[in-house]
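Order of appearance sets the numbers: ligands from 1, and atoms from 1 within every ligand.
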Amino acid sequence: MAVQETKEIQKLKGLVEQSCKIVVFTGAGISTESGVSDYRSKGGIWDRFQPVTIQEFLADEGKRREYWRRKKEMYVEMRDAQPNAGHLAIARLEKSGKLVGVITQNIDGLHQKAGTQKILELHGTNREVICLQCRKICPFDPIYERLEAGEDIPLCRDCNGLLKPNTISFGQQLDPEVLELAIAWARSADFLLAVGSTLIVEPAASIPRLAKRAGAKLAIINRDLTPADSLADLVIQTTAGPVLEAAIPASL
Ligand code: ZN
């Protein structure tokens with residue numbers, strides 16, 4: 001969908017053109033246009049159901065059953081979702097050689113489906129399942145088949161340990177290596193573009209500040225206001241896809 005080239009889009013285009021070390025930070029808002037539920041927002045999955053924490057998952061069989069039931073439902077939505085104009089525009093940035101990488105809060109794998117390769121997934125990925133005992137990782141698909149066949153709490157076939165989607169659950173720490181690299185990327189950037197994140201939870205709240213303090217320009221595209229807006233060189237309050245498509249042309 002084409003949008004009228006507004007002053008805001010022209011300014012964003014200018015920031016992209018002038019920069020050569022761009023870091024893109026994305027949250028759930030970029031994937032809602034692909035039909036993926038923004039599960040932390042109002043009306044989202046966690047608004048309708050209490051989240052299962054890692055501690056509950058480990059301690060309580062009933063919670064494990066509940067967790068897998070929800071994950072099974074989410075997996076179908078994510079497996080069938082396709083990247084939208086925003087994901088594709090960000091993938092073009094990588095092709096142009098200007099991108100340090102994408103830091104995402106999303107677990108849906110849509111950036112990779114769009115072709116992005118340099119990516120840090122702060123909250124892990126729903127495309128994989130990990131054994132909490134032997135740490136073996138496998139794709140979600142074969143586990144989904146086992147759920148469909150009637151298993152409600154799948155166990156590792158190598159060691160009988162508990163399996164869990166390879167995401168960071170509530171109550172679980174982020175991977176320190178991933179976080180450290182995300183911070184290093186933010187500090188190295190000359191332009192940080194935040195898309196579809198409310199920039200409230202950590203480390204999302206800190207990353208734009210770190211980049212800004214290290215001298216980067218900052219642009220924020222989000223449907224709602226964010227606490228970092230006052231720091232930004234540009235704030236565009238809208239859905240991201242059409243804006244990114246217009247600001248990041250194919251011939252960059
Ligand atoms: Zn195992």
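- For the Zn ion (ligand 1), protein N, O or S atoms closer than 2.8 Å were enumerated as Cys131 SG, Cys134 SG, Cys156 SG, Cys159 SG, with waters left out.
- Residue pairs meeting the side chain to side chain donor-acceptor pair (under 3.5 Å) criterion with at least one member in residues 172-198, sequence neighbours excluded: Gln105-Ser197.
- Each of Asp108, Thr26, Asn84, Thr104 was evaluated against Ser31; a single residue qualifies, Asp108, per the side chain to side chain donor-acceptor pair (under 3.5 Å) test.
- Neither side chain, Glu8 nor Gln237, offers a donor N or O lying under 3.5 Å from an acceptor on the other.
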Cut-off 3.5 Å, no hydrogens considered: what does the side-chain donor-acceptor table look like for residues 206-213, sequence neighbours left out?
from: Ser206; atom 1: OG; to: Glu202; atom 2: OE1; distance (Å): 2.6
from: Ser206; atom 1: OG; to: Glu202; atom 2: OE2; distance (Å): 3.1
from: Arg209; atom 1: NE; to: Ala205; atom 2: O; distance (Å): 3.3
from: Lys212; atom 1: NZ; to: Asp233; atom 2: OD1; distance (Å): 3.3
from: Lys212; atom 1: NZ; to: Asp233; atom 2: OD2; distance (Å): 2.8

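- Side-chain atoms of Arg146 do not come within 3.5 Å of backbone N or O of Pro154 as any donor-acceptor pair.
- Residues meeting the ring pair (Phe, Tyr, Trp, His ring centres under 6.0 Å) test with Tyr75, sequence neighbours left out: Phe140, Tyr144.
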